[in-house]
Enquirer: 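The following block contains the structure, expressed as structure tokens.
Computed from a predicted structure; not experimentally measured. Numbered from 1 within each chain, the chains take letters A, B, ... in sequence-line order.
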Amino acid sequence: MKLEKATDRVKRGLAEMLKGGVIMDVTTLEQAKIAEDAGAVAVMALERVPADIRASGGVARMADPAIIEAIMGGVTIPVMAKCRIGHFAEAQVLEALGVDYIDESEVLTPADESNHIDKRKFKVPFVCGAINLGEALRRIGEGAAMIRTKGEAGTGNVVEAVKHMRKINGEIRWLNGLPEDELMAAAKELKAPYELVVAVAKKGRLPVVNFSAGGIATPADAALMMQLGADGVFVGSGIFKSEDPSRRAKAIVEATTHYETPDLVAKVSRGLGEAMSGIEIDKMSKEEMLQFRGW
Amino acid sequence: MAGKILNIGVLALQGASREHITMLERCRVRGVAIKKPSGLKNVDGIVIPGGESTTIGKLIDEYEFMDEIRGLANGGFPVFGTCAGMVVLAKKVNGSHGKLLRLIDITVNRNAFGRQVDSFEADIEIRGIEREEIPFRAVFIRAPFIEEAGDGVRVMAEVEGKEVMARQGNILVSAFHPELTDDSRVHEYFLRMVRNSI
């Protein structure tokens, strides 16, 4: 019997299994255990959460392997880790560590201003950020097995996540309504691989799972993104920068499952303590924004 | 029962419920997403999909599915669990795990084939499905396997000597994901269990 590993179906399949779930940023094993106990479907192992990366400035890199290994050894849920955009050697290190998913992330300082990683060369699947359909399809073309909207990480402000989710889903609806003979022109406009444009037009959705990320801080934020069509949510700074991480984590998990039941979202939102303090996007310069890293 | 269109619930708390519903509809039955125990009243059987078993176990407990599913299953109601679904249906899970339904007499090892880099697909033989001589393309994602099966359990498939599919009465489990392929034979097998139970 031949066992075939690292096929597209196996890589995309893990993301399918995470649907309807919450993936939480953690910086220590203790936080990872809190996330697992709260019902997270996976954790993202980091050295600093995006809000702290934003505050401290400097070059943000892949986390110390010791942190990632400690987390991998202490929880049974999948462990993801971030590498810099274009930094394929960091990705090779993460693969050698055996992480379950690699996030080629704009939250870290990009290592290549022109090229993203050729993700088809890796056995470990990748998730990549996107602000529109063209960017999502370019990443899938490079081998990404999962997409997340970029939002604006570390702000606690959901406005950009909403913008990106509406944009991607709006463009999918547009493609879905086009006659076949206009799809090449659409591919040109989106700057996306033609075959993927045809596939999306036909199916009316992305060929991979699309989570929401970047600014989700409350159970209602999660319910909002799920109603806008997200397959699940990433919560970065929103949990461990809040007053009561354990309760907030659990509340966001339940709101993500029961996003269509406002009574339940209300119930879990009650008395959660303070959310992370947010940043107004209008007050930021384009240079401060992470979502324009990568293309 | 000829002519009646079956309603099959798919537990939709977390995980790949959509793929099961798509597959069930291809088998010409109605797939119904279930988020509350009250939804179980109107279905003829239920699928517990793949996902993260700790998450699904917690939500099953939190939203009071435990007694409801156990009660129905003890009365003969067919239940099919894939991957994480197999884990939460098991009588025992090695290593720490939260809430379990304990409806099938098996001991399960979680993530037993390794981490995601060891996830795989393979052509396996499944005893008892239609045209069983034709291999079934099985997708294993951070999959569990059955470490030990009790006397009343019929093991239906193995991969590399590990038991990966089993049935005990009205409970069916698989460590792999038949909903991620185009082959409907495993779902058809479950639907025959459902038809025979009515």
Enquirer: Please check if the number of heavy atoms outside Arg26(B) that lie under 6.0 Å from its CZ is greater than 12.
Expert: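 Yes.
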Enquirer: Less than 4.5 Å apart, side chain to side chain, heavy atoms only: is that true for Met17(A) and His177(B)?
Expert: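 Contact flag for Met17(A)/His177(B) side chains = yes.
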Enquirer: Does any backbone or side-chain atom of Arg142(B) lie under 4.5 Å from a heavy atom of chain A? Answer side chain, backbone, both or neither.
Expert: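 The answer is the side chain of Arg142(B).
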Enquirer: Does Lys19(A) form a salt bridge (Lys or Arg N to Asp or Glu O under 4.0 Å) with Glu19(B)? I'd like the steps, not just the answer.
Expert: CA-CA 11 Å; Lys19(A) 280 193 308 228; Glu19(B) 287 69 19; 2.7 Å; yes
Enquirer: Under 4.5 Å heavy-atom distance to chain A, tell me which part of Val117(B) shows up: side chain, backbone, both or neither.
Expert: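 Backbone plus side chain of Val117(B), per the 4.5 Å heavy-atom cut-off to chain A.
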Enquirer: Examine whether an atom of Leu59(B) lies under 4.5 Å from a heavy atom of chain A, and if so say whether it belongs to the side chain, the backbone or both; otherwise answer neither.
Expert: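 Contact with chain A: side chain only.
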Enquirer: When rounded to the nearest 0.5 angstrom, what distance separates CD in Glu36(A) from OG1 in Thr55(B)?
Expert: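 Glu36(A) CD to Thr55(B) OG1: 8.5 Å, rounded to 0.5 Å.
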Enquirer: With salt bridge (Lys or Arg N to Asp or Glu O under 4.0 Å) as the criterion, how do Asp123(B) and Lys2(A) come out once you've worked through the C-alpha distance, each side chain's angles and the decisive distance to 0.1 Å?
Expert: CA-CA 7 Å; Asp123(B) 291 324; Lys2(A) 191 165 160 264; over 6 Å; no
Enquirer: Rounded to the nearest 0.5 Å, what separation is found between the CG atom of Asp118(B) and the NZ atom of Lys5(A)?
Expert: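 If we round to the nearest 0.5 Å, Asp118(B):CG and Lys5(A):NZ are 4.0 Å apart.
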Enquirer: Name the region of Val79(A), side chain, backbone, both or neither, that has any atom closer than 4.5 Å to a heavy atom of chain B.
Expert: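 Both backbone and side chain.
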Enquirer: Pick from Arg12(A), Arg205(A), Glu260(A): which one has the most heavy-atom pairs with chain B under 4.5 Å?
Expert: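 Heavy-atom pair counts peak at Arg205(A).
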Enquirer: Does atom CZ of Phe113(B) have more than 12 heavy-atom neighbours from other groups under 6.0 Å away?
Expert: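 Enclosed: over 12 neighbouring heavy atoms sit under 6.0 Å from CZ of Phe113(B).
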Enquirer: If the contact rule is any heavy atom under 4.5 Å from chain B, which residues of residues 261-268 of chain A qualify, in numerical order?
Expert: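 The residues closer than 4.5 Å to chain B, in numerical order, are Thr261(A), Leu264(A).
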Enquirer: If you count heavy-atom pairs under 4.5 Å with chain A, which of Lys35(B), Glu160(B), Glu52(B), Glu121(B) comes out on top?
Expert: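 The option with the most such pairs is Glu121(B).
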Enquirer: Against chain A, label Glu62(B) side chain, backbone, both or neither, depending on which of its atoms sit under 4.5 Å from a heavy atom there.
Expert: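 Interface part for Glu62(B): side chain.
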Enquirer: Just so I know, are the side chains of Arg115(B) and Met72(A) near enough to count as touching, which here means a heavy-atom distance under 4.5 Å?
Expert: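 They are in side-chain contact.
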Enquirer: If you round to the nearest 0.5 Å, how far is CD1 of Ile141(B) from CZ of Arg9(A)?
Expert: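 With rounding to 0.5 Å, CZ (Arg9(A)) is 9.5 Å from CD1 (Ile141(B)).
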Enquirer: Which one, Gly21(A), Gly232(A), Gly39(A), Ala42(A), leads in non-hydrogen pairs under 4.5 Å with chain B?
Expert: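 With the most close heavy-atom pairs to chain B, the winner is Gly39(A).
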Enquirer: Would you give the length of the straight line joining atom OG of Ser119(B) to atom CG of Leu3(A), rounded to the nearest 0.5 angstrom?
Expert: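 If we round to the nearest 0.5 Å, Ser119(B):OG and Leu3(A):CG are 11.5 Å apart.
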Enquirer: Which region of Ala38(A), side chain (C-beta onward) or backbone (N, CA, C, O), has a non-hydrogen atom less than 4.5 Å from a non-hydrogen atom of chain B, or is it both or neither?
Expert: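 For Ala38(A), backbone heavy atoms alone lie under 4.5 Å from chain B.
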Enquirer: Quick one: does Val253(A)'s side chain get under 4.5 Å of Gln14(B)'s, heavy atoms only?
Expert: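 No, their side chains stay 4.5 Å or more apart.
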Enquirer: Is it the side chain or the backbone of Glu158(B) that comes within 4.5 Å of chain A heavy atoms, both, or neither?
Expert: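 Contact with chain A is through the backbone of Glu158(B) alone.
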Enquirer: Salt bridge (Lys or Arg N to Asp or Glu O under 4.0 Å), that's the test. Do Arg137(B) and Glu4(A) meet it? Break it down for me.
Expert: CA-CA 11 Å; Arg137(B) 189 70 174 170; Glu4(A) 281 186 68; 2.7 Å; yes
Enquirer: Side chain, backbone, both or neither: which part of Ser17(B) has a heavy atom under 4.5 Å from chain A?
Expert: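 For Ser17(B), neither part sits under 4.5 Å from chain A.
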Enquirer: How about Asn74(B): does its CG atom have over 12 heavy atoms from other parts shown lying under 6.0 Å from it?
Expert: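 Yes, the 6.0 Å shell around CG holds more than 12 heavy atoms from other groups.
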Enquirer: Taking atom CD of Glu30(A) as the centre, does the number of heavy atoms from other residues, nucleotides or ligands within less than 6.0 Å exceed 12?
Expert: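 No, CD of Glu30(A) has 12 or fewer neighbouring heavy atoms, counting only those of other groups under 6.0 Å.
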Enquirer: State whether the number of non-hydrogen atoms from other residues, nucleotides or ligands found under 6.0 Å of Glu147(B) atom CD is greater than 12.
Expert: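 Count over threshold, so yes.
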Enquirer: Out of curiosity, Gln116(B) CD to Glu95(A) CD, how far, rounded to the nearest 0.5 Å?
Expert: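 The CD atom of Gln116(B) sits 11.0 Å away from the CD atom of Glu95(A).
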Enquirer: If I compare all heavy atoms of Asn111(B) with all of Thr76(A), which pair ends up nearest, and what's the gap?
Expert: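 Closest approach of Asn111(B) to Thr76(A): ND2-O, 3.1 Å.
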